[in-house]
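Have a look at the structure below before the remarks.
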Amino acid sequence: MTEKIRVRYAPSPTGHLHIGNARTALFNYLFARHHGGDFIIRIEDTDQKREIEAGEQSQLENLKWLGIDWDESPSEGGPYGPYRQSERKDIYDPLIDQLMVSNRAYKCYCTSEELEAEREAQRARGEMPHYSGKCAHLSAAEQKAKEEEGITPVIRFRIPKGSTFTFDDMVKGDITFESDSIGGDWIIRKRDGMPTYNFAVTIDDHYMKISHVLRGDDHIANTPKQIMVYDAFEWKAPRFGHMTLIINADTGKKLSKRDESILQFIEQYRDLGYMPEALFNFITLLGWSPVGEDELFSKEEFVETFDHKRLGTSPAAFDGNKLEWISNQYMKDMDIDELTSKAIPYLVEAGYIEADPSEEKSEWVKKLIGLYQEQMSYAAEITKLAVLFFEDKLDWSDESKEVLKGETVPTVLEAFTEQLKTVEPFEADAIKKAIKAVQKETGIKGKNLFMPIRVAITGQQHGPQLHDTIELLGRDKAIANINKSQDLIKSF
RNA sequence: GGCCCCUUGGUCAAGUGGUUAAGACACCGCCCUUUCACGGCGGAAUCACGGGUUCAAAUCCCGUAGGGGUCACCA
């Protein structure tokens with residue numbers, strides 16, 4: 001097969017970029033790039049009612065952010081445009097006429113209400129809802145009468161009777177549908193004159209020379225409809241591949257946009273300061289597995305190794321833990337200056353530091369981030385991890401209070417406060433020495449020395465290196481916190 | 001309900017007739033560390049069930065059960 005590989009990502013601009021869509025785009029992108037083919041963006045906007053403001057732009061921006069680029073699209077254009085379905089009516093209309101002439105399609109005058117009632121009745125009888133074919137054989141006179149009533153017809157595609165539609169799915173193998181299991185003659189042109197999805201997709205894929213259609217599982221039932229259109233025009237159908245859906249591990253169901261337990265939109269991750277490379281890596285591992293044992297790959301490596309045969313056949317559950325882990329891997333490798341500049345806006349937004357901080361303050365933030373970098377998964381996380389440094393109140397956990405009840409605690413705190421007052425310079429090394437000095441002076445060491453100091457100053461038993469923490473907290477705040485803890489101790 | 005798809009540990013998964021059934025996340029334990037995190041080492045944990053086929057089945061076939069998807073003038 002020497003035909004050029006051409007695939008497409010065809011979103012409808014009805015919302016922001018969802019994880020599931022991003023994954024579809026990603027796999028198409030990987031497939032195209034791996035084979036040196038073209039990756040095309042086509043906008044499926046045949047339903048003007050559902051369109052949302054800037055949906056298209058938002059989708060593309062987020063795709064770009066993820067690191068996906070394309071060869072043809074509405075904005076860049078290309079040899080097979082236009083790339084927006086709403087602008088392709090001139091292409092669809094003659095084709096629909098052609099189908100009418102050859103009697104593969106016909107006008108249907110049923111109203112939405114009639115059809116809904118029909119389906120309702122069928123459901124009540126325990127039948128599968130389907131179009132009965134009421135208008136399939138209307139005489140010219142009957143049609144004329146309907147027209148005179150002022151009814152604008154829709155156009156339906158006549159499903160060939162007694163046929164089977166089989167395709168060799170790239171991920172699932174042979175799949176077959178019988179004509180009468182498809183739901184009856186289906187609409188190809190809506191009352192508003194726009195083609196329906198299944199029709200437009202087929203026409204576009206053909207004229208855009210799409211060679212492979214990789215899409216979600218939920219499109220399997222659409223495939224026979226599309227195949228019959230290819231057949232009607234005697235076109236060669238592309239190869240279809242249906243990927244499993246992403247499911248919610250808790251419910252076992254397809255990720256629903258309403259489900260709030262999981263962040264579902266790429267934008268949300270972007271807003272939180274996740275790294276695009278990490279998200280790319282994570283999403284690619286959802287339903288696809290590499291050959292070896294490694295799990296961390298760059299985009300280039302994925303392109304290099306991508307093989308559609310390794311797409312899984314059972315649904316992939318969204319595993320937040322794994323995302324955090326992957327993100328953390330990328331975070332740890334990140335340049336500290338870069339991470340600092342990424343994190344500053346979040347600290348500003350939280351009201352923790354001023355916008356456009358001074359040189360000195362930036363240095364301080366950089367050190368602060370240094371304390372937490374190895375455990376961060378996303379930039380915004382710093383505002384949670386480092387609250388201690390920005391809030392004035394000191395919260396002691398229950399266990400921390402227990403620590404402060406220790407017999408030798410007052411001695412340690414007193415001695416250390418004295419040290420803090422005079423430590424020069426107020427830097428980690430000197431502070432470390434100050435702690436040592438307290439040890440010499442009081443004879444208290446190890447846990448009994450460090451824990452009271454840590455808890456008195458931070459309220460917590462856990463945290464980064466104590467001397468680093470104290471340095472960044474600053475002399476005044478450290479002493480003030482110890483005082484608060486001493487007050488607490490007196491109240492016991 | 002019809003049609004279609006799916007079924008290896010808690011999760012993602014490798015595996016394509018003969019393996020001690022990889023690996024990763026999570027979990028547990030130990031080590032490192034004043035503590036946490038990171039890191040290192042180790043552990044527990046899986047072939048949905050029932051029939052075949054075969055010398056041999058997680059792998060092939062048939063059932064059963066369970067899960068999912070889809071049945072719009074949405075895409």
Side-chain angles (χ1 to χ4, degrees), chain A residues 10-14 44-47 49-50 85 108 110-112 115-116 119 122-123 125-131 152-156 169 171-173 175-178 180-184 186-198 200-201 215-224 242 244-245 247 249 252-254 282 285-296 310 312-326 328 332 371-376 385 403 435 445-455 458 460-467 469:
Chain A
S12 71
T14 53
E44 315 227 315
D45 55 352
T46 53
D47 186 0
K49 286 176 297 235
R50 298 206 316 158
Q85 291 186 328
C108 168
C110 299
T111 64
S112 304
L115 294 171
E116 188 44 51
R119 281 194 290 265
Q122 288 162 343
R123 268 189 284 264
R125 270 178 270 137
E127 290 172 21
M128 162 194 166
H130 64 278
Y131 177 63
T152 313
V154 300
I155 294 179
R156 287 184 185 268
D169 193 277
V171 346
K172 296 176 197 281
I175 298 179
T176 300
F177 287 88
E178 307 288 335
D180 50 5
S181 73
I182 293 170
W186 50 286
I187 294 172
I188 57 177
R189 180 156 71 193
K190 303 187 268 189
R191 203 174 305 283
D192 65 6
M194 288 298 254
T196 53
Y197 166 77
N198 281 117
V201 163
R215 59 187 8 171
D217 229 344
D218 49 344
H219 284 285
I220 290 184
N222 288 324
T223 310
H242 291 96
T244 59
L245 271 10
I247 58 171
K253 298 193 185 205
K254 168 166 117 165
F282 172 69
L285 261 17
L286 242 30
W288 184 80
S289 62
V291 173
E293 292 179 358
D294 294 337
E295 308 223 282
L296 266 13
R310 299 189 67 83
T313 52
S314 54
F318 184 99
D319 182 356
N321 279 328
K322 188 106 178 197
L323 205 214
E324 296 305 291
W325 179 78
I326 290 178
N328 175 249
K332 284 190 301 184
L371 292 190
Y372 292 100
Q373 180 173 14
E374 61 196 8
Q375 60 184 288
M376 287 170 67
L385 292 171
V403 170
I435 299 174
K445 57 180 180 176
K447 246 186 176 141
N448 289 329
L449 172 66
F450 283 89
M451 221 17 112
I453 294 178
R454 173 180 291 284
V455 168
T458 70
Q460 301 298 319
Q461 293 184 96
H462 308 305
Q465 292 276 7
L466 189 51
H467 43 268
T469 304

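Owing to the predicted nature of the structure, the values given are computational and were not obtained by experimental measurement. Letters go in sequence order (proteins before strands), and every chain restarts at 1.
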* Asked: Looking for any heavy atom pair under 4.0 Å, which part of the strands does T46(A) touch: base, sugar-phosphate only, or nothing?
  -> sugar-phosphate
* To do: Taking the side chain as every heavy atom from C-beta outward, state whether I326(A) and L285(A) have any atom pair closer than 4.5 Å.
  => yes
* Determine: side-chain N/O of K332(A) to OP1/OP2 of A37(B), distance under 4.0 Å, yes or no. => no
* Of H462(A) and D45(A), whose nearest nucleotide on RNA chain B comes first from the 5' end? -> H462(A)
* **Candidate nucleotides C12(B), C5(B), U34(B), ranked by approach to the side chain of A316(A) - the nearest** => C12(B)
* Asked: With the threshold set at 4.0 Å, does a side-chain nitrogen-carboxylate oxygen contact exist between E116(A) and R123(A)?
  -> yes
* To do: Taking D217(A) for its side chain and H242(A) for its backbone only, find out whether a donor-acceptor pair lies under 3.5 Å.
  => no
* To do: Identify all stems in which RNA chain B takes part, counting only runs of at least 3 consecutive pairs (Watson-Crick or G-U wobble, each distance under 3.5 Å), and give each as one range with another, ordered by first number.
  => B:1-7 with B:65-71, B:10-12 with B:23-25, B:27-31 with B:39-43, B:48-52 with B:60-64
* If the C1' atom of C12(B) is compared with that of C47(B), how far apart are they to the nearest Å? -> 16 Å
* Asked: Any side-chain N or O of T313(A) under 4.0 Å from OP1/OP2 of U7(B)?
  -> yes
Nucleotides 21-23 of chain B: which of its N/O atoms have a protein N/O under 3.5 Å away?
residue	atom	partner	partner atom	Å
A22(B)	O2'	E293(A)	OE2	3.2
G23(B)	O2'	E293(A)	O	3.3

Please enumerate all protein N or O atoms sitting under 3.5 Å from an N or O of nucleotides 64-71 of chain B, with distances to 0.1 Å.
residue	atom	partner	partner atom	Å
U70(B)	OP1	K254(A)	NZ	2.8
C71(B)	O2'	P129(A)	O	3.2

